[in-house]
Structures are given as C-alpha cells and as structure tokens.
Asks: 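Below is the structure I would like to discuss, written out as structure tokens.
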Amino acid sequence: MKGSYITKSESGMLIIPDDPVIPYIEGDGVGRDIWPASRMVFDEAVQAAYGKKRKIVWKEILAGEKATLKTGTPLPDETLETIAHCHIAIKGPLTTPVGTGFRSLNVTLRKHFDLYTCIRPVRYFEGVVSPVKNPEKLDVVIFRENVEDVYAGLEWPQGSKEARHLIGVLKESFAWQIPVDAGIGIKFISEGNTRRFVRRAFDYTLSHGRKSVTFVHKGNIMKYTEGAFREWAYQVAKEDYGKVIVMENDLQGNAPPEDKIVVKDRIADAMFQMILLRPDEFDVLVLPNLNGDYLSDACAAQVGGIGMAPGANIGDEVAIFEATHGSAPKYAGLDKVNPSSLILSGAMMFDFMGWKEAATLIEKGVETAIKRGRITYDLARFRPDSTEVSCSAFAREVVKNL
C-alpha cells in the first residue's frame, strides 16, 4: 500500500498528510508480541477517529537482532536513511548484540539524529495497583535532556592509556588528586543545547495547557554543569516566555494567575522525596540526562511500573517513539507481556502529529480496559478481582473500548 511522505515547511513545521508513511522497528525479544498488538490498536483508533479520511501506511525497518540476522549489522544504513526521510518512527525495545561495536543501539539512534529531548509522560490509570496511597495525584511530563551529561559516554576504564593520561594532565594542570587506579568519565552540559531543550519543554507546556515547569538539578554541588543548566533554563524562561510565566518566588505563597505558567526549581535529591509526598505540586519537570533517567523510572514505579510508561526521543528533524522497557527475551513469543508502554507511545506519536482525536481514543481505551480488570499478568498479580489476559487479548480489550 502506497502512502505519502511527511515533509517540512520552510519554517520547519512538519506537514502531515492523511496517509503518512511511518517506519517501525518491531524490536527484539517481546517486540514480536507487543508490536502487532499495538499496531492493531493504532489502526483501529485511526479508523474510529477519522473513518476513511486518514490511515497510517506502515513500513518495517530493521534494527537489533532481526537486522543482524538479515544484513549482518544491527543498525543498517537503510534504516537510518528511511527514518531521516520519514521524520517520524516508532520502535519496540532493542537489545544491543554482544560484540558488534555498538555501545547501545538506542544511544546510537539518539546521537545520529541528535534527538536531544526525551519526553516521558507519567500518569495514573484507575485500576492499577500502586505502592503509594494516592497515585492519582501524579500526572507529570518529564523532559530529560538526551545527548549530554555523563550519558554522553565519554569515559575510559581504570588503567587504560587514556585514563592514565587524563589523570596526569589534571594533576599537572589543575593539581587535582585523582587515584591512578580510577576510571574516568567526563560530564558536560552546554548552554546551546540546554537552551533549545528548555524551549521545547516550554512550548510543550503551552500547547498542552500545563500549569508549571520545574527545573530539577544538583546545581548546589555541580555548579558549573547542573548549576549552569539551572541558570540557562531561567534565562530562557525570562527572555523567551516572560509574558506567560510567573516565578514561584514572586507569588509569595499566593495562588498563581490562571493564565500564567509557574516556573520553579528543585534540588534533585529533594525532588525524589517531593514527588512521593507532594506529587500534585508538579507538572512539567525539566532535567539533565542522568537525573531525568532516574526520576522518570521512579515516577513510573508509582503508577504501575515502566510497562505503563511511554516515551519519545525528539530532535529538530526526527522524532522516534518507543517502548521504554527492555526486550525481556525470556517472555518473547509467549504473548504475555503488557503492551501499554508501546501503545501509549503511539498515542504520543499521534499527539505529536496533530492527530489528537486518535491519541485521546487510545488513552481512554487503555484506561477503560484497566478499569474493567482485564489486564496482563504484571498488573493482574496485584489485583485479585482482575482477569489475567494475554498481550494480544489486552490489545483487543483496548480496541473494544475505543
């Protein structure tokens, strides 16, 4: 089936046709289970929302184990070229094959396409058993910087020539006393990347009617990286969004105006406590890479785990939506695991495309299926009144409730 390709306007906006070609990577391990289940939900949601006016034309591309078997490499050039041409893609979980020279396929994709923003919405669906008393109070969107910080992978092993050389340079030039048997890694955070990342978070906040933005950092200790991240973020807020924001400190405890976004910041370690004790005080959270990884999984744990957490990696040219969990090979082919992470990532994709009706139907379908208690094993084992269903059966329940 032929479709039309997504293009970009002169101003850089995506132009989405009614029959866009969307490439997909099935994924390794349980990807073979969750992808077909999710695709069924996507197709049914589009039909329910738009009838024959719109459709997705899916195009499979290869990465991971399937790519290695068929092409000899886990990430073929054709896959990268197709994603670049189509601008939007969706993928299941990938396992980096041992001994291929790839540090991580997911990291490679992010670096290749400069996908500097990771977006992880975390909200509660009624019917999920949670370890906290009031999980419904948590409804946040986490913006995690995606290409800098210690996750950039600039590190060398203990005893290596590179590590010994760098330790020597730091001692000679700065009198830094680093043990000679230490592994070495470099943490860097740049002004330019921080600014574009923070702008994307504010644009999302405005377009989705969110009420606050919180910068989360460890700037009290790492003053010239995470401290600078905080300062640059505040500069962006004041310079680019000054008319629509109000600073938390300026409120002096008073309620904010309805038409203003409250801007605040929190120290990262304190934030882990606050997101448990006072989750309803936070809305959009903006973090450097490492802290963003930690906090997004910690938030997901409050609402059913990472099996319920969607994600997207977005740059200026390409957006890739993905299941946020691993490939879980021991469950592969058993039609057992929860497909909600990938299903909800598809809802994010439709929202990004401007197909908000389809996105809303998917979210409501998932919510209704869970509320009625026909759920996969990861959720059913904590809920005695539920009926455990397979991966594909859960997808059919979602479709039934669109």
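Keep in mind the model is a prediction, meaning the values are calculated, not measured. Sequential numbering from 1 along the given sequence is applied to the chain's residues.
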Asks: Does Glu81 have any side chain to side chain donor-acceptor pair (under 3.5 Å) partners at least two apart in sequence or in another chain, and if so, which?
Replies: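 Counting only residues at least two positions away or on another chain, Glu81 forms no side chain to side chain donor-acceptor pair (under 3.5 Å).
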Asks: Taking atom types as modelled and ignoring hydrogens, do the side chains of Gln252 and Asn254 form a donor-acceptor contact shorter than 3.5 angstrom?
Replies: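 On atom types as modelled, these side chains do not qualify, holding no pair under 3.5 Å.
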Asks: Thinking salt bridges, do Arg54 and Asp18 make one under a 4.0 Å N-O criterion?
Replies: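 Result for this pair is yes, salt bridge flagged.
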Asks: Can you name the residues that form a side chain to side chain contact (heavy atoms under 4.5 Å, CB included) with Ile375, not counting sequence neighbours?
Replies: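 Ile375 satisfies side chain to side chain contact (heavy atoms under 4.5 Å, CB included) with Ile370, Leu379, Ala380, Arg383, Ser386, Phe394 once adjacent residues are dropped.
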Asks: Give a yes or no on this: more than 12 heavy atoms of other residues, nucleotides or ligands lie within 6.0 Å of atom NZ of Lys187.
Replies: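 Buried by this count: over 12 neighbours within 6.0 Å.
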Asks: For Asn193 and Tyr116, test the side chains for any donor-to-acceptor distance below 3.5 angstrom and give the result as yes or no.
Replies: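 Note: Asn193 and Tyr116 side chains miss the donor-acceptor criterion.
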Asks: Who pairs with Glu231 by side chain to side chain donor-acceptor pair (under 3.5 Å), at least two apart in sequence or on another chain?
Replies: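 Partners of Glu231 by the side chain to side chain donor-acceptor pair (under 3.5 Å) criterion come out as none, since no residue qualifies.
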Asks: So that I can tick it off, tell me whether Glu65 and Arg32 are bridged by a salt bridge, with the cut-off set at under 4.0 angstrom between side-chain N and carboxylate O.
Replies: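 Salt bridge: no.
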Asks: Could you tell me whether Tyr24 and Phe42 have their ring centroids closer than 6.0 angstrom?
Replies: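 No.
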Asks: Going by an N to O cut-off under 4.0 Å, is there a salt bridge joining Lys336 and Asp33?
Replies: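 Looking at Asp33 together with Lys336, the answer is no, because their closest N to O distance does not fall below 4.0 Å.
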Asks: Salt bridge between Lys211 and Asp283, side-chain N to carboxylate O under 4.0 Å?
Replies: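 No, this pair does not count.
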Asks: Applying side chain to side chain donor-acceptor pair (under 3.5 Å), can you list everything that pairs with Tyr234, at least two apart in sequence or on another chain?
Replies: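 Tyr234 satisfies side chain to side chain donor-acceptor pair (under 3.5 Å) with Asp265 only.
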Asks: Tell me the ring-ring contact (aromatic ring centres under 6.0 Å, His included) pairs involving residues 280-322, sequence neighbours left out?
Replies: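 Those involving residues 280-322 are Phe321-Phe352.
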Asks: Applying salt bridge (charged side-chain N to carboxylate O under 4.0 Å, His left out), run through Glu60 and Lys66 and close with a yes or a no.
Replies: CA-CA 11 Å; Glu60 184 173 16; Lys66 185 184 284 191; 2.9 Å; yes
Asks: Indicate yes or no: does Glu281 engage Lys264 in a salt bridge with an N to O separation below 4.0 Å.
Replies: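 Not counted as a salt bridge, because no side-chain N and carboxylate O are separated by less than 4.0 Å.
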Asks: Using salt bridge (Lys or Arg N to Asp or Glu O under 4.0 Å) as the criterion, list what pairs up with Arg199, not counting sequence neighbours.
Replies: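 Expected list: Asp240.
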Asks: Show your reasoning for whether salt bridge (charged side-chain N to carboxylate O under 4.0 Å, His left out) applies to Glu397 and Lys400.
Replies: CA-CA 5 Å; Glu397 286 295 318; Lys400 188 186 303 183; 3.2 Å; yes
